[in-house]
Protein chains: 2
Amino acid sequence: MAVTLKEVAERAGVSRSAVSRTYTDGASVSPKTRKKVEKAAKELGYSPNALASSLTTGRTKLIGLISNNFHNPLFLEVFDLFTRRLQEKGLRPLLVNLTDETDPESSLRMLKQYSVDGVIVASSTLSPEFAKAFHDAKIPVVHSFGRFASAPDVHVVGVDNVECGRMAARTLLARGYKHIGFLGGPKGATSTVDRRAGFMEVTGQAKGIKVKESNAAAYSFEAGRTAMLKELKGTHAEAYFCGDDVMSIGALSAINSSGLSAPTDIGIIGLNDMEMAKWENIDLTTIRQPIKQIVDSSVELVMAALEDSNRHPEARLFSCQVIERGTLRPI
Amino acid sequence: MAVTLKEVAERAGVSRSAVSRTYTDGASVSPKTRKKVEKAAKELGYSPNALASSLTTGRTKLIGLISNNFHNPLFLEVFDLFTRRLQEKGLRPLLVNLTDETDPESSLRMLKQYSVDGVIVASSTLSPEFAKAFHDAKIPVVHSFGRFASAPDVHVVGVDNVECGRMAARTLLARGYKHIGFLGGPKGATSTVDRRAGFMEVTGQAKGIKVKESNAAAYSFEAGRTAMLKELKGTHAEAYFCGDDVMSIGALSAINSSGLSAPTDIGIIGLNDMEMAKWENIDLTTIRQPIKQIVDSSVELVMAALEDSNRHPEARLFSCQVIERGTLRPI
DNA sequence: ATTCAGATTGCAACCGGTTGCAAAAATTGT
DNA sequence: ACAATTTTTGCAACCGGTTGCAATCTGAAT
């Protein structure tokens, strides 16, 4: 098998502790022994067993990265950012795909078995109870893209979805749309609920505005398309705020198949600003979530929580921004 | 911290071995003690520390999942499938994002440190040397979506890209295109090289066919779009085989921005059949890679390699299939 | 040369489990 | 009831490291 500390010690003619200390920073080793150890280690091709050391140190540098968003292209970007950032910080992502079939209990148990130092839950649709389960198991957890709460149970990093809803509404009103639609994501999702609240708040206060609302079955292309096709059968609004970018693209597809086009016949504003949104054939006006900042902040927060395990739960919010492209008429 | 085996043993009034054996299958424990142990474990909320046991058993059930494809939507599907499958088999994916900046050496070292049982390299563009490095480190490795070789250095699961090239060429010829184009991915990638070879083989044997070729800088939307825009400046072919689906979508976007359309003015056939390809606004004719089979087979193969570590390297190939949609004219 | 503080070193116990082995208990056969 | 098996059990050593502690070494100060 692999080369062990003992073999290196023998070869270098020092004690096992000396070898160990060479690879532990802050430990006291003379330059001379360090040299000897490093030489022997190189010759033998030794690298310390991180798992064995975790036994005594109590730190594995393993971070559970849990998500159920394996169909939303935005999350490929999110995973990219998370893995890069964690790697930079010397942490290792243990990926968990929380499908509908897998029971959360068993995922939790397995993460405990692998003694992850912390957990990042990357999902807007996941129930807060799930994140809370980790909290109860005394594992630091950060809920990324989670729901804002003024007194959160667990650390949350994300955007204020209520404000996103307001922002979308204001954007549509500013462009003079009089009949506007809220085409939300799945009704149960907290993100949908919050965005709707903000949206309705602003539109409710405006004069002479007609609002209609409906929901798609999921944050997906098909669901967005289906929902928009349904809209087009009745009297549709002049512009819609869609649940997210993927749904928006589905909606646009529905609009085009019906012989209409955006923004001429119907305006669309999405949410997320995933990479595809700026593809020239999509050119979607949308509200950008600052995913890089959310990711970086989540990693930073989970590391901080590692240091101080009963750190008080904290909510970090980032502001969104309207990205003007070609699916809303100009102001 | 967490509850340990010792505490359970004390509570149950049995030896530590008894507890250990309760959680090791195949071990000899009487139903009576097992009951006692399970009771105590439940009361204490005990779950065995997988890392500690790996120390003696030599198995972590950790599988390194390495990729550099964090921008190709196909790979979100691939990650979804991999994580699900690995989870089903009781294995845990340790995700590694091999960016251009990260040096492969250090990733290898880190995976060794975490004593992963095996490694799956999921990438078509990754150099075979990289996969080989693991092989040399005596870690079972499967190169998924890798290049076929009749005498492979490491296990490979994927498709025969040469045959894909032939298939694309035949499909175009069958539709009567006389002037056809190979719009490949990055020139260095083995997948590009192989597909080109197959494509040229078939077109070279056909009579009266004019072939032109060029390459995009990457398997990406932008690169595909840019490459196609360039084509459109000169005299373009009647139909193109594009490097992959994302590139195809970029190419289609270029075609549309130029006031042309597929398949009327130009035909496009892609490769992969990622989910987006069947979106109604894309409706891309393409060659399907059976990614589910590739993934399942990769997991199966890595498990087999775990059993028998000096199993002979094996190449598993799956056949592709043309999926007819709307970007090529009918036969 | 002597003293003494600070740096370096090795010993041995420990982290949370597993496992070979021999002793103890349960089962079987007569 | 007794011997021969088979099963179950606990002891103790081990997996690959870390770390508190006491012993040793070093160099500066006297």
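Below, chain A is the first sequence line, B the second, and so on; all start at residue 1. Treat the numbers as computed from the prediction; the structure is a model and nothing was measured.
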Fill in the blank from the handout: Residues passing the salt bridge (charged side-chain N to carboxylate O under 4.0 Å, His left out) test with B:Asp80, sequence neighbours excluded, are B:Arg84
Donor-acceptor list for residues 21-28 of chain B side chains, cut-off 3.5 Å, not counting sequence neighbours:
residue : atom : partner : partner atom : Å
B:Thr22 : OG1  : B:Ala18 : O            : 2.8
B:Thr24 : OG1  : B:Ser20 : O            : 2.7

Exercise for the section: Mind listing the residues from residues 21-43 of chain A sitting with a heavy atom below 4.0 Å of DNA chain D? Number order is fine. Expected result: A:Arg21
Handout entry: Length of the line joining B:Lys61:NZ and C:dT18:P, which is rounded to integer Å
Key = 12 Å
Exercise for the section: Check whether any side-chain N or O of A:Ser15 sits under 4.0 Å from OP1 or OP2 of C:dT9, and answer yes or no. Expected result: no
Practice task
Return the set of residues passing ring pair (Phe, Tyr, Trp, His ring centres under 6.0 Å) with B:Phe145 (not counting sequence neighbours), or none when no residue passes.
Solution key: B:Phe75
Exercise for the section: Round to a whole Å and report the spacing from CG of B:Leu51 to P of C:dG16. Expected result: 12 Å
Exercise for the section: Not counting sequence neighbours, which residues clear salt bridge (charged side-chain N to carboxylate O under 4.0 Å, His left out) with A:Glu43? List them please. Expected result: A:Arg11, A:Lys39
Fill in the blank from the handout: Residues of residues 108-119 of chain B with a heavy atom under 4.0 Å from any atom of DNA chain D, listed by number, are none
Handout entry: salt bridge (charged side-chain N to carboxylate O under 4.0 Å, His left out) partners for B:Arg85, two or more places apart
Key = B:Glu88, B:Asp296
Practice task
Determine the contact category for A:Ser53: base if any of its heavy atoms lies under 4.0 Å from a base atom, sugar-phosphate if only primed atoms, P, OP1 or OP2 are that close, otherwise nothing.
Solution key: sugar-phosphate
Exercise for the section: Decide whether A:Ser47 and B:Arg109 meet the rule of one side-chain donor and one side-chain acceptor closer than 3.5 Å. Expected result: no
Could you tabulate the donor-acceptor pairs under 3.5 Å formed by side-chain atoms of residues 60-70 of chain A, not counting sequence neighbours?
residue : atom : partner  : partner atom : Å
A:Thr60 : OG1  : A:Leu62  : N            : 3.2
A:Thr60 : OG1  : A:Ser115 : O            : 2.8
A:Thr60 : OG1  : A:Asp117 : OD1          : 3.2
A:Ser67 : OG   : A:Asn69  : N            : 3.1
A:Ser67 : OG   : A:Ala122 : O            : 2.8
A:Asn68 : OD1  : A:Ser123 : OG           : 2.9
A:Asn68 : ND2  : A:Thr125 : OG1          : 3.4
A:Asn69 : ND2  : A:Ser123 : OG           : 3.3

Fill in the blank from the handout: The nucleotide from D:dG17, D:dT19, C:dG17 with an atom nearest the side chain of A:Tyr46 is D:dG17
Problem - Any side-chain donor near an acceptor of the partner, B:Tyr219 and B:Ser191, under 3.5 Å - result: yes
Dump the pairs, protein N or O against N or O of nucleotides 13-15 of chain D, anything under 3.5 Å, distances to one decimal.
none

Handout entry: Listed partners of B:Thr56 passing side-chain hydrogen bond (donor to acceptor under 3.5 Å, both in side chains), at least two apart
Key = none
Exercise for the section: Answer with yes or no whether A:Ser17 presents, from its side chain, a donor or acceptor under 3.5 Å of a partner atom in the base of C:dC11. Expected result: yes
Handout entry: Spacing between B:Glu10 atom CD and C:dG16 atom C1', to the nearest angstrom
Key = 13 Å
Problem - Non-neighbouring partners of A:Phe82 that pass ring pair (Phe, Tyr, Trp, His ring centres under 6.0 Å), sequence neighbours left out - result: none
Problem - Set of side-chain hydrogen bond (donor to acceptor under 3.5 Å, both in side chains) partners for A:Gln113, sequence neighbours left out - result: none
